[in-house]
Structures are given as structure tokens and as C-alpha cells.
Amino acid sequence: MTFSTADCDSPMEKHGQRTNANLADRNVIDPARLQIQTLLSNEPEVRVMDGQDVIEGLTQIPKSLPPKYFYDHLGSELFEKICTLPEYYPTRTESAIFYRYAHAITQLTGPCELVELGSGSATKTRILLDAYRAANLPLRYIPVDVSGSMLKDSSDQLLYDYPELRIHGMIGTYEPALNALPAANLATRMVMFIGSTLGNLSPNDCEQFLQLVSGALEPGQFFLLGLDLQKDIGTVEAAYNDAQGITAMFNLNMLQHLNHRYRGDFCLDNFYHQAMYNSQKHQIEMYLVSKQAQTVTLQDLDLTVKFAEGERLLSEISRKFDVVQMGAQLANHGLKVLQTFTDERQWFGLILAQKG
């Protein structure tokens, strides 16, 4: 069954923009309510191992980088800004769906532990937490994010705002986190991959990811998936080429992140942001374009890379989906669609599926 709701701005004064708890108040929070597990390492040899995907991406033709390198602390902050831009419809559209149907989701899952992949500021997750609390259901949350500072800050604020909440945070990427999930403390569990992040994965990577999620779930547990749906090209391209240039800053910051992480010498002024829609593949393609012939070195990876003038580095794809096709794809991984929730314009979808 599919539900729809009108697109509207979420009341940010209630979610994601609450007054920060002051430090004294945070210090009185019971430390037993928060556990932080680190799955990343800053040891040099581990950084090199982590950077194999950088080496592979920058030495292939055409060049590319995994989108996970967007998300250092500044990258996470810039993405939060992107989510508030007038051109960026996914966040407010998905938030509207959550506001209207969070209660329906809680009725379908019952008492449920929430596992969020790429938790960020957990703004939309608050809507679900409010719904579970209104139903007098226990609150347990497992956020997963590569930005340790973002995860810790958002966890502190959530614990202050939800006195009954317990959090087990995991700093790392999706695969190690899903493979290392703690035992569930509630009757069931729901893995959440919201915010259209699935679109950043290639078709092959998407298949592998869905298999990973399915393998991490026990029979009867749930998967909540956010999907940016196919729509007119103008609307999509504007979302990735905002007038304020925040998306351009976000894109270029990937290079600065590599500089910090692997002792690189990317000069950000020597690249510019480009985003365009590929109609055949139904995806936005975001590039960093070299303004001139140049050579870049990443010392910790023992890597030197040459760029030609005008050469493009693919930093992100953002695929746009069809809910019927995705339902069939989920079924192939043992995930049965229970309900689909959309907005009136069919711009965005939330699929609630259950492991068979």
C-alpha cells in the first residue's frame, strides 16, 4: 500500500534546531545511557589501508572518489546546511512524510530499536522518537556515522531531550557497523537508511549493500529506506547547483578532507564544482573539474596523481528511483515491502520492508 502527503517545510524549531543543552545540564546525564564504539583508526598503517579506495579511484580512468570522503566535520556541517536550502527538496519532502506517517510506522513495528546508517544530526529520527514516545514505547537508538564529533554532539543533545533514551553510537562506515551491531535489547529492530543516500551507490554496490542489510537483520525485523524518486530534470539539477554555492563548497571540501587525512596538497582553487543529470541512468553526476594541468601528492598513500586541464573527477552519483522497481529489488534480498509512503507530487518515498 502507498500513502502520500503534501510537501511542506518541517518545523525546525521543534526538530534539529532546538536550543542546545548547556554543558552543566549535559554533565548530569547518566553515562550508562551512552556508549560510543569506534570502528575507525587513526594509526598510519590503518589510514593507508582505508585509503586503498582513494588510490584505486585516482589511478583509474576516469578518476573518481567514494562519497564517504565528503564527511569530515566540516563536510557534515556543510551537508546539514544543504538540507535547509530552498533548492534542496529531498530533506523537507522526506520530513513531511515522516511527520504525517511516523505514527503509522510505530504501529507497524511496535517496540523497536532504531539503527540509523549515516545519522548526522538525527533531525528526522527525532520525529520517529517522538512517535514511539507518544505510544509509550521504549527508546533505544544506534546511530552510525563516520563523523565522530557529529555523532557525539547529536547523541548528547538527544539524551538531554529524551530522558528515557539509551544510545549505542558507532563511529565508522556501514559495512563494519552492520557486521558489529550489538545484540538487540528490544523485541525487534529497524535499520534505517533514509535521506536518499542509497542513490550514492552504483547498481552493483546497491545490490551488495541490500544483501548486507538483509544479512544484518533477523527474520521479522525491519528496514526503512528513503528514496529520491524520478522527476523533472530542472528540479533535480537545481538541488545540486544551489545559488549560495553551498553544494560547491561541500564538493570541494572532499579534497581538503583528503589533504588532512593523507597529508595531501590538493589546491581547492584549482578545481570547480559541476553537477548534471544523466537522463539515461536517471542520476545526478557530481564532478570536481581541474582548471589546469597539475600534479597532486598524497604523502601517506605514497601517491602522486596528474590532472589534465578540464579533467573531471567523479565525486558522487545520486540515482533517482522508481518505488515499484525498488520493491522487486528488495524482495530479491528477502525484504518484503509492507508499506510505501510518499508525498503528493511523488518526489520522495519511504519504503518500510520486513525480513522474511
Side-chain angles (χ1 to χ4, degrees), residues 50-51 53-91 118 120-121 145-147 149-150 173 195-202 205 228 233-262 264-278 281-296 298 301 303 305-320:
D50 288 344
D53 49 6
V54 175
I55 296 173
E56 293 171 5
L58 293 181
T59 55
Q60 68 183 11
I61 299 175
K63 294 180 176 67
S64 66
L65 285 169
K68 72 180 185 182
Y69 290 104
F70 283 129
Y71 298 104
D72 62 353
H73 182 70
L74 177 58
S76 296
E77 289 184 342
L78 287 170
F79 184 72
E80 293 299 320
K81 290 182 180 179
I82 288 171
C83 291
T84 68
L85 294 170
E87 300 95 336
Y88 197 74
Y89 62 85
T91 301
S121 62
D145 205 280
V146 294
S147 174
S149 58
M150 176 70 75
T173 53
S196 74
T197 312
L198 188 74
N200 298 147
L201 304 181
S202 70
D205 288 342
D228 195 359
I233 294 175
T235 298
V236 177
E237 287 193 336
Y240 297 84
N241 292 286
D242 63 278
Q244 298 180 49
I246 305 299
T247 308
M249 294 170 58
F250 174 72
N251 197 10
L252 287 163
N253 183 66
M254 175 185 274
L255 303 181
Q256 190 64 24
H257 184 193
L258 294 181
N259 284 345
H260 289 157
R261 186 165 180 81
Y262 300 115
D265 60 3
F266 277 103
C267 177
L268 275 60
D269 289 339
N270 290 344
F271 293 84
Y272 67 88
H273 162 77
Q274 184 182 76
M276 59 186 65
Y277 190 70
N278 184 324
K281 295 183 177 181
H282 300 290
Q283 66 187 29
I284 276 283
E285 295 171 357
M286 204 154 76
Y287 296 95
L288 291 162
V289 185
S290 179
K291 296 179 181 179
Q292 61 190 49
Q294 56 185 305
T295 301
V296 176
L298 296 168
L301 299 181
L303 178 66
V305 181
K306 293 184 177 181
F307 287 85
E309 181 179 354
E311 184 175 0
R312 300 192 302 181
L313 184 163
L314 179 66
S315 56
E316 181 183 63
I317 62 170
S318 185
R319 297 164 60 216
K320 310 305 170 187

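Along the sequence shown, the residues carry numbers beginning at 1. The figures that follow rest on heavy atoms only: side chains count, while hydrogens, waters and symmetry mates do not.
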Go through the structure and list residues passing side chain to side chain donor-acceptor pair (under 3.5 Å) with [X], not counting sequence neighbours.
X    : value
D205 : S202
S64  : Q60
H273 : N251
T247 : D242

*Check: F70 ring centroid to F79 ring centroid under 6.0 Å*: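 Ring-ring flag for F70/F79: false, centres at least 6.0 Å apart.
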By side chain to side chain contact (heavy atoms under 4.5 Å, CB included), which residues pair with [X], not counting sequence neighbours?
X    : value
A239 : Y88, Y89
K291 : Y272
N270 : C267, Q292, Q294
H282 : Q230, Y277

Taking all non-hydrogen atoms of both residues, which atom of [X] and which atom of [Y] are closest, and how far apart?
X    : Y    : answer
S318 : Y240 : OG-OH, 2.8 Å
N200 : P67  : CB-CG, 4.1 Å
L58  : F266 : CD1-CZ, 4.3 Å
S76  : M150 : CB-CE, 3.5 Å
H73  : S147 : CA-OG, 4.2 Å
P66  : M254 : O-CE, 3.5 Å

Please tell me if the side chains of [X] and [Y] come closer than 4.5 Å, counting only heavy atoms from C-beta onward.
X    : Y    : answer
S315 : Y287 : no
L258 : V54  : yes
E237 : M276 : yes
L314 : L65  : no

How many angstroms lie between [atom1] in [X] and [atom2] in [Y], if you round to the nearest 0.5 Å?
X    : Y    : atom1 : atom2 : result
L255 : L268 : CG    : CG    : 5.0 Å
H257 : Y262 : NE2   : OH    : 7.0 Å
K81  : M249 : NZ    : CE    : 6.0 Å
L78  : C83  : CG    : SG    : 11.0 Å
M286 : L313 : CE    : CG    : 11.0 Å
L288 : E316 : CG    : CD    : 10.5 Å

[X]: what forms a salt bridge (charged side-chain N to carboxylate O under 4.0 Å, His left out) with it, not counting sequence neighbours?
X    : result
K68  : D53
E285 : none
D228 : K231, K320

Spell out, as yes or no, whether a donor-acceptor pair under 3.5 Å connects the side chain of [X] to the backbone of [Y].
X    : Y    : answer
N253 : Q256 : no
E311 : A308 : yes
R319 : L201 : yes
N241 : A275 : yes
N259 : D265 : yes

_Please evaluate residues I284 and I317 with respect to the criterion side-chain contact (heavy atoms from CB on, under 4.5 Å), reporting the C-alpha separation (whole Å), side-chain torsions for both, the decisive distance (0.1 Å), and the verdict._
CA-CA 5 Å; I284 276 283; I317 62 170; over 6 Å; no
_ring-ring contact (aromatic ring centres under 6.0 Å, His included) partners for F307, two or more places apart_ =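 For F307, the residues satisfying ring-ring contact (aromatic ring centres under 6.0 Å, His included) (neighbours in sequence not counted) are F271.
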*asked:* One pair to check against side-chain contact (heavy atoms from CB on, under 4.5 Å): V305 and L303. What are the steps and the verdict?
replied: CA-CA 7 Å; V305 181; L303 178 66; 3.7 Å; yes
*Just wondering, more than 12 heavy atoms not from K63 lying within 6.0 Å of its NZ?*
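Yes, enclosed.
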